[in-house]
Structures are given as C-alpha cells and as structure tokens.
Amino acid sequence: MDIFEAVASKNHEQVTFCYDEVSGLKAIIAIHDTTLGPALGGTRMWPYKSTEDALTDVLRLARGMTFKSAAAGLNLGGGKAVIIGDPKKPRSETLFRAFGRFVEGLGGRYITAEDSGTDVRCMEWVRMETNWVTGISRALGGSGDPSPVTAQGTFAGMQACAKERWGDDALDGKHVTIQGVGAVGYHLAKLLHRAGAKLTVCDLYDENLRRAVAEFNAEVVDTDAIFDVEADIFAPCALGAVVNDDTLPRLKVEIVAGSANNQLHDERRHGRGLLEKGILYAPDYVINAGGLINVANELEGYNQERALKQANGIYDIMTRVFEIAKREDIPTHKAADNLALRRIAEIGKVKSFFTPPSDRTRVLRGVS
Ligand code: NAD
C-alpha cells in the first residue's frame with residue numbers, strides 16, 4: 001500500500017503516525033476535512049493485525065465523521081484516531097498521556113473523544129496532556145454518557161420517518177421492534193413506550209430483556225427472529241451490517257430507523273434494496289448523530305437540556321434528507337451524503353471571502 005495514495009484517494013488532509021518508545025504507543029490520527037471546523041472523532045483501540053489495517057480503518061472512520069458532522073449541522077470537521085493495542089489488557093496511563101501529547105501537538109485541528117476500546121478513564125489521562133478532548137465524565141464537568149441524547153435524536157428521526165411514510169409523526173399505536181436494548185436501545189424504548197408504541201425487543205443479555213419487559217411491557221423474541229417480526233418500524237440498536245443479503249428479504253416493516261452505526265452491509269446494494277422493497281430507511285449517521293451533538297456541546301460548556309433540544313433538530317434534518325431523495329430520485333443514504341457534501345461546499349465557499357484580521361500588518365502581507 002502506498003500511504004500517500006491511500007491518503008489522497010479520499011482527500012484526507014493530514015495523517016499523523018504517533019510512536020512512543022516508553023509506553024509502546026502506536027497510533028494513527030487521521031484528519032479528513034476541516035472545512036467546517038476542527039476535526040472531531042473518537043479514539044478507537046483495537047489489536048489490528050497490521051499497520052495497513054489500522055490505516056485503512058482510521059481513514060474510513062475519519063471520512064465518516066466528516067459526513068456525520070456536516071449533516072448534523074455542526075461546525076466540525078471529520079477525524080478519528082486508532083491506537084494499535086488490545087483493549088482487554090490493563091490500560092496504561094503512560095500510553096494515553098503520550099497519545100494526549102500527540103493530540104496537543106496538532107494544536108486543535110483534531111479533537112478526540114472515547115470510542116470502542118477506550119473509555120472515560122482513558123480520556124481523563126489524555127486530558128492531563130491536552131484540552132483537545134471531549135466526552136469527559138459529568139463529575140469533571142463533561143457531558144458523560146451520550147446515550148440518552150442519542151436516543152432522543154433517534155426518536156425524533158423516527159418521528160420524521162413516520163411523518164414521511166404515514167403523513168403523521170405520532171408513534172402512538174405503532175409497533176416497533178428494537179434489536180438491542182442496551183444503553184441507547186433502553187432510552188429509546190422508554191421514549192417510545194411513553195409515546196404509546198408497542199414494543200418487541202431482543203438482546204443477548206437477559207437482564208436487559210427483563211428490564212424492557214418490566215418497564216415497557218415489551219414482548220421478547222430470539223435475536224435471529226427479530227428480522228421476521230411483522231411490525232411498523234425496525235430499530236437496529238446493536239450492531240452494524242444488520243441489513244444484508246440474509247435479512248433484507250425477511251424484513252416485514254415499513255421503516256428502518258435505529259441508532260446502530262453502519263447498518264447497511266453494502267451501502268449501495270442494500271440501500272437500493274430497501275428502497276425497492278418500499279422500506280423507508282433513516283440513514284444511520286443522520287439519525288444517530290445525538291451522541292456527536294452531545295460531545296460537541298461539551299466544547300461550549302455542557303448543558304444537557306440544550307443537547308437534547310439540538311438532538312430534536314434531527315427531525316428537520318431527516319425531513320430534508322427525504323426531500324432530496326425524492327427530488328433526485330435516489331436512496332436516502334445517498335441523499336444524506338449529498339446533503340453533507342453540499343453543506344461543506346457551500347460553507348467552504350462562504351469562508352473563502354476575505355475578512356480582514358484585526359492586525360493591519362497581516363492585512364498588508366496578505367495574511368487573513
Ligand atoms: P450497548 O453495548 O450499550 O448496547 C447494545 C446492545 O445490543 C447490548 O445490550 C447487546 O447485548 C445487544 N446486542 C449485541 N448483539 C446483539 C444481537 N446480535 N442481537 C440482539 N442484541 C444484541 O451499545 P449502545 O451504546 O447502546 O450502542 C448501540 C448502537 O448504537 C451501536 O451500534 C453504537 O455504535 C451506536 N451508537 C451509539 C451511540 C451512543 O450514544 N451510545 C451513539 C451513536 C451510535
């Protein structure tokens with residue numbers, strides 16, 4: 001793999017390789033696009049088989065963040081970091097502090113947060129070396145667990161789907177199946193139950209199922225049977241790639257709208273497949289942007305009320321995605337990409353206007 005070719009192929013701005021001899025840190029930070037603002041994206045820790053695998057993953061994830069932030073209307077760009085290592089082994093303060101110093105070295109072009117394989121404690125170590133980190137615990141003045149805000153945004157997105165499909169955004173009396181009643185799925189089930197929806201759920205953990213039955217009167221099915229349940233809405237809130245060659249023909253719902261990342265196994269084929277089956281698909285990175293909205297809020301001083309309100313804005317964003325899809329006769333996941341790309345292009349153009357800095361000598365040197 002030629003590294004520059006890999007970086008250039010999806011127009012990444014900057015890729016930083018971080019190595020520290022003392023802690024054994026091996027990390028890659030990818031900044032995809034900062035047209036809208038600093039690149040924000042979590043740090044994933046994973047025992048990648050090779051540096052090439054780690055690079056491929058970080059480039060893909062960073063680009064995804066550009067689209068997610070842009071579609072969510074945030075003034076943030078896309079970035080991500082990966083640390084090559086086993087998250088099951090004890091975490092090392094030295095390693096995360098070394099990583100924090102590399103983040104600091106980027107001077108705010110990249111803002112990190114937790115992601116799979118890292119947690120709030122890791123980010124607290126990172127924060128000892130840099131302020132360019134978000135998603136810190138509530139105890140330290142941060143935003144804490146993002147799942148209630150993600151669930152609120154998912155609920156709002158689901159209401160927009162209902163409006164689009166049935167002409168009314170009320171979810172009262174609708175039958176919703178939820179795959180995974182963990183952090184987000186639980187809060188989503190609570191909102192749906194309050195709204196009068198009937199729930200069928202599945203999960204790997206009995207404890208999570210018992211909680212959903214006791215609190216929301218949910219019906220329980222086996223994990224594989226969830227795809228065969230006849231219902232109004234299917235909400236994937238567990239894993240990626242749940243819409244695939246096996247499950248697509250089995251789905252008997254009118255809407256797929258849930259919090260899971262990367263729901264389409266093959267974006268092009270399965271996005272089109274849902275459309276052809278007459279199933280309305282809520283693009284995952286649009287409907288689950290509440291988590292990102294939550295951490296973005298922390299940058300301005302966290303306020304959960306404001307974050308929840310902003311997450312409700314996913315209703316309007318989803319409506320715009322559906323308008324684009326209809327106008328351009330394209331699947332909704334493609335319409336979401338177009339919405340994001342257009343915002344980046346338009347704001348990028350606006351930002352290219354010359355505005356004078358306060359320092360006159362800089363103006364005379366042509367520095368803006
Ligand atoms: P979680 O781990 O708390 O919950 C996931 C639940 O799914 C668990 O209870 C797990 O037992 C269950 N599960 C796993 N495999 C399953 C299967 N095959 N069938 C049924 N259930 C299964 O995770 P979470 O934080 O609730 O996140 C859920 C999804 O939403 C993930 O895809 C995550 O990437 C995405 N997401 C989460 C947030 C957030 O704020 N937490 C934000 C954006 C996206």
Side-chain angles (χ1 to χ4, degrees), residues 40-44 46 57 60-61 64-65 67-69 71-72 74 80 87 113-120 123 134-135 137-138 142-158 177-192 199-213 218-229 234-244 246-247 250 256-265 282-298 302 304 307-308 310-311 314:
L40 187 142
T43 298
R44 180 167 286 195
W46 190 253
D57 205 30
R60 177 182 67 84
L61 294 166
M65 290 306 297
F67 283 83
K68 189 167 185 164
S69 287
L74 296 167
K80 205 87 181 183
E114 69 177 277
D115 200 81
S116 52
T118 61
D119 58 18
V120 171
M123 291 306 124
T134 182
S137 68
R138 288 300 276 272
S143 55
D145 176 13
S147 58
V149 179
T150 304
Q152 184 69 41
T154 306
F155 181 74
M158 212 181 253
T177 56
I178 307 179
Q179 182 192 39
V181 273
V184 180
Y186 168 75
H187 289 288
L188 178 64
K190 187 187 272 184
L191 293 167
L192 287 165
L199 304 177
T200 299
V201 303
C202 70
D203 200 287
L204 299 179
Y205 295 111
D206 286 345
E207 199 187 314
N208 288 352
L209 293 171
R210 276 198 294 273
R211 185 172 63 167
V213 172
E219 214 170 283
V220 172
V221 292
D222 280 348
T223 50
D224 190 53
I226 198 85
F227 304 106
D228 303 311
V229 178
F234 170 48
C237 295
L239 315 158
V242 285
V243 180
N244 54 47
D246 169 42
T247 60
R250 293 162 61 191
V256 171
S259 74
N261 281 311
N262 307 316
Q263 291 169 29
L264 307 177
H265 178 64
D284 45 21
Y285 70 76
V286 175
I287 198 166
N288 74 14
L292 178 63
I293 288 170
N294 199 56
V295 291
N297 244 271
E298 188 177 318
Y302 188 63
Q304 194 179 49
L308 287 166
Q310 229 177 318
I314 289 176

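Just the heavy atoms: all of them, side chains too, but no hydrogens, waters or symmetry mates, feed the values below. All ligand and atom numbering here is 1-based and tracks the order in the structure.
The residue among Gly290, Ala238, Gly291 with a heavy atom at the shortest distance from atom 7 (O) of ligand 1 is Ala238.
For Thr150, every heavy-atom contact with ligand 1 shorter than 4.0 Å involves the side chain, none the backbone.
If you check which protein heavy atom lies closest to atom 33 (C) of ligand 1, you get Asn261 ND2, 4.0 Å. Regarding atom 12 (C) of ligand 1, its nearest protein heavy-atom neighbour is Asp203 OD2, 3.5 Å. Regarding atom 44 (C) of ligand 1, its nearest protein heavy-atom neighbour is Ser259 O, 3.4 Å. What sits closest to atom 5 (C) of ligand 1 on the protein, heavy atoms only, is Cys237 O, 3.8 Å. The protein heavy atom nearest to atom 3 (O) of ligand 1 is Ala183 N, 2.9 Å.
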ask   = Between Asn244 and Thr247, is a side chain to side chain donor-acceptor pair (under 3.5 Å) present by the stated rule, with each step listed?
value = CA-CA 5 Å; Asn244 54 47; Thr247 60; 3.2 Å; yes
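Using modelled atom types, one finds no donor on one side chain facing an acceptor on the other under 3.5 Å when comparing Asn262 with Asp284.
The heavy-atom pair separating Asn294 from Asp145 by the smallest distance is ND2-O, 4.1 Å. When every heavy atom of Gln263 is checked against every heavy atom of Pro236, the shortest pair comes out as OE1-CG, 3.5 Å.
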Please list every donor-acceptor pair under 3.5 Å in which a side-chain atom of residues 148-155 meets a protein atom from a residue at least two apart or in another chain.
residue : atom : partner : partner atom : Å
Thr150  : OG1  : Pro146  : O            : 3.2
Thr150  : OG1  : Gly291  : N            : 3.1
Gln152  : NE2  : Asn312  : OD1          : 3.0
Thr154  : OG1  : Thr150  : O            : 2.7

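Counting heavy atoms from C-beta on, the side chains of Glu219 and Val201 never come closer than 4.5 Å.
Short contacts between ligand 1 and Gln179, defined as distances under 4.0 Å to a heavy atom of the residue, involve ligand atoms 19 (N), 20 (C).
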